[in-house]
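Okay, so here's the structure we're looking at.
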Amino acid sequence: MSTPQFIDLPPGVRRADLTLSYGPVAALRALPTSGGTELAPAVLVHGFTGSKEDFIALLQSLAQAGREVVAIDLPGTYQSPGLESLVLPSGVRRPDYRLPSLGAVVAEVLDQVGDGGPVHLLGHSFGGLVSREAALVEMSPLASLTLMCSGPGALSGPSADTTRGLIAAVSRNPTPERLRELWEEQFDAEARGRTPRSDIRDFLRERLLASSAVGLMHMAEELLAAPDRVDELARVEIPKLILYGENDEAWPLEEQDRMAERLEAKRLVVPGAGHSPNVEAPETTASALTAFWNEAESVGRR
């Protein structure tokens, strides 16, 4: 449960909806408070049980470099409608919560945000697996790809056990009522351990209860079954960055290091951070991303 330190929108950041072929996706769009957007835009994709607000501490700093930055809610998460609830136009295929389908959704976001031009893409944790799929779709040109606290394939270890527990708790009754019960049984205590602020805890509760129980269940299944597609991704010739906190406890750090080697990617370790450098060390993370993106664009112009 990624927990933002604040939820008030910074200057230059606004709430928006992106209208895709199948329906809307909720977003936070950040623009510089002064100057233009001469640099390539960026799209940020959250992790499992997260949302666009996970990046709220980064958005203003990233945009001030001179680019538009868009953080989205994946379908069925918080303010993006659940796929099972959509009324689709005739002939439009309903996407699902599997990685290839979510990757296609992100690819469509990239195409819209970039207006056909290159876009920087960052995926956090489960969002890294989704972003990998989007990069392989090749629907929109990428300026770069950053995998933050993500892995080469399926989640393992203690985090995987927690994910299996959520599937077991939801699968027999994937309804809003069951999510409400889970908040009372489990997540409320976890939220209280993460933050003393009641407004942040209220947000975490609202986010969980607004999300699709079916979507959470299927995304958890994908997290546990994701194949290793690193060799395929290595053939996509774009700048790549593997970024994680020095205390990250999701995918083993040696797995992330090996992934960086296989991708011939830059590797950056954020001191003092765990699984959410975007929350735990936002200024360091924003500075590192801006430097990487600027370098990627500089190389692309040669």
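For clarity, every value in this text was computed on a predicted model and none was experimentally measured.
- A ring-ring contact (aromatic ring centres under 6.0 Å, His included) check over residues 200-233, counting only residues at least two apart or in different chains, returns the pairs Y78-F203.
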*Test side-chain hydrogen bond (donor to acceptor under 3.5 Å, both in side chains) applied to N247 and E280, step by step*: CA-CA 11 Å; N247 301 315; E280 299 151 351; over 6 Å; no
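- No hydrogens or angles considered: nothing links the side chains of E181 and N173 as a donor-acceptor pair under 3.5 Å.
- Between the CE atom in M148 and the CD atom in Q256 there is a gap of 11.0 Å [rounded to 0.5 Å].
- Atom CD of E264 is surrounded by 12 or fewer heavy atoms from other residues, nucleotides or ligands within 6.0 Å.
- Between F55 and H46 the shortest heavy-atom distance is CE1-N, 3.6 Å.
- Applying the salt bridge (Lys or Arg N to Asp or Glu O under 4.0 Å) test to residues at least two apart or on different chains, the pairs with a partner in residues 56-80 are R29-E68, K52-D73, R67-E297.
- Take F292 and apply the ring-ring contact (aromatic ring centres under 6.0 Å, His included) test, not counting sequence neighbours, and it matches no residue.
- Checking P271, P282, C149 one by one against P277, the side chain to side chain contact (heavy atoms under 4.5 Å, CB included) holds for a single residue, C149.
- Counting heavy atoms of neighbouring residues, nucleotides and ligands inside a 6.0 Å radius, atom CG of D161 exceeds 12 of them.
- For E249 and S159, the side-chain atoms include no donor-acceptor pair closer than 3.5 Å.
- The aromatic rings of H275 and H124 lie tilted to each other, with the angle between the two planes from 30° to 60°.
- In summary, the side chains of H120 and S144 do present a donor paired with an acceptor at a separation below 3.5 Å, with no hydrogens or angles considered.
- Using a cut-off of 4.0 Å between Lys/Arg side-chain N and Asp/Glu carboxylate O, R235 and D231 are scored as not salt-bridged.
- Taking 4.0 Å as the cut-off between side-chain N and carboxylate O, E53 and R207 do not count as a salt-bridged pair.
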Apply the test salt bridge (Lys or Arg N to Asp or Glu O under 4.0 Å) to residues R178 and E185: give CA-CA distance (whole Å), side-chain angles for both, the deciding distance (0.1 Å), then the verdict. CA-CA 10 Å; R178 182 58 182 139; E185 295 169 2; 3.3 Å; yes
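- A distance of 7.0 Å separates CZ of R197 from CD1 of I7, quoted to the nearest 0.5 Å.
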